[in-house]
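Structure, as structure tokens:
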Amino acid sequence: MQSLDSLIGTIPTDRLNAGLVWLQRLVRNPSNPDVALSYLRSFDSDLHVELVRKLKSDPEGRRLLQERPRLDARSLRVDELARQPSGTLGHALARYFREQHVQPFVSRAPIQDDVDYVANRLRETHDLWHVLTGYGTYPTGEVELQAFSYGNLGNLSSLVFLSYVPGVDTSKGIESLPGWLGDAYRRGRACRPLMGVHWEDHWGTPLAELREELCKPVRNEPRYDRTTP
């Protein structure tokens, strides 16, 4: 089991310093997609390259890279999603945006290659992962989703984020954490790798069915305002 210090030691100093600066800015302005993307790139650049390699080895992944569908504000039609049947992924995502009073991301980052696309796709699917997992948005649910993401992706950005959460000790790695946070991490590991999912194929799929197919189902209907695990 690697410690956080040993993992951070693999990052070049310039990227590490930049990542910590972007993290501070992200804490102050969590809704800025460009700040979030810069933070992810600082810590997860190597992971993005590896994810591209894995996607190219899978038929669905290759289609994703070829078509490059977007979930940003220019591509996602929330009103159309809301017309999907109740209980489907599309309807649940539209309800999430409505209840959270948020809009799909608007990012100015150019997509020049597959690595750019993967980095943007991960940022754009953040809200969708909230819906899929049922983890809330504030405050506990965001922490749970970061633990889940680290389990599913192995992304250092999530582990660094968690290390700044009061009362969370990641010095020995999140694998050692007991209770609800460890449960979220283990759930992420047990799920199919979600980066390669072509979500646009599933707007009309029942959310419960999709959870059963991709992940261990949550116990209760997702509540995006919950503050306790």
Between OG1 on residue T88 and CG on residue L210, distance to nearest 0.5 Å: 10.5 Å
D114 and K56, any side-chain heavy atoms less than 4.5 Å apart: yes
Any side-chain heavy-atom pair of W199 and L93 under 4.5 Å: no
Donor-acceptor pair, side chain of Y117 and main chain of P69, under 3.5 angstrom: yes
Validation row: L64, V197 side chains within 4.5 angstrom (heavy atoms): no
Side-chain donor/acceptor of E60 to backbone N/O of H198, under 3.5 Å: yes
Heavy-atom side-chain proximity of Q84 to L89 below 4.5 angstrom: no
Chi angles and distances behind the side-chain hydrogen bond (donor to acceptor under 3.5 Å, both in side chains) call for Y150, N155: CA-CA 5 Å; Y150 182 61; N155 53 328; over 6 Å; no
Pairing of D72 and R74 as salt bridge, 4.0 angstrom limit: yes
Taking every non-hydrogen atom, the tightest pair across P110 and D116: O-OD2, 3.7 Å
Ion pair D201/R63, N-O distance below 4.0 Å: yes
Residues H130, E142; criterion side-chain hydrogen bond (donor to acceptor under 3.5 Å, both in side chains); working and verdict: CA-CA 8 Å; H130 271 294; E142 288 288 358; 3.2 Å; yes
Side-chain donor or acceptor of R211 paired with backbone N/O of L132 under 3.5 Å: yes
L47 backbone acceptor or donor facing D44 side chain under 3.5 Å: no
N-O pairing of R121 and E200 below 4.0 Å: yes
Nearest heavy-atom neighbours spanning G196 and R192: O-NH2, 4.4 Å
Aromatic ring pairing F148/W129, orientation class (parallel under 30°, perpendicular over 60°, tilted between): perpendicular
Separation between CG of D113 and CZ of R68, rounded to the nearest 0.5 Å: 7.0 Å
Intermediate values then yes/no, side-chain contact (heavy atoms from CB on, under 4.5 Å), L51 and V115: CA-CA 8 Å; L51 287 173; V115 175; over 6 Å; no
Considering all heavy atoms, the nearest L76-P104 contact: CD2-CG, 3.9 Å
Check: I111 and R70 side chains under 4.5 Å, non-hydrogen atoms: yes
Charged tip of R187 within 45° of Y135 ring normal and under 6.0 Å: yes
Under 3.5 Å donor-acceptor, N152 side chain and L194 backbone: yes
Chi angles and distances behind the side-chain contact (heavy atoms from CB on, under 4.5 Å) call for S149, L145: CA-CA 6 Å; S149 297; L145 187 60; 4.2 Å; yes
pair N120-F105: side-chain heavy atoms closer than 4.5 Å: no
Flag side-chain contact, heavy atom, 4.5 Å: E144 against W180: yes
Backbone N/O of L71 and side chain of E124: donor-acceptor pair under 3.5 Å: yes
Pairwise side-chain contact, E209 with E212, heavy-atom cut-off 4.5 Å (strictly under): no
Heavy-atom pair with the smallest gap, counting every atom of H91 and A82: CD2-O, 3.2 Å
Q66 atom CD, over 12 foreign heavy atoms within 6.0 Å: no
Separation between CG of D58 and CE of M195, rounded to the nearest 0.5 Å: 11.5 Å
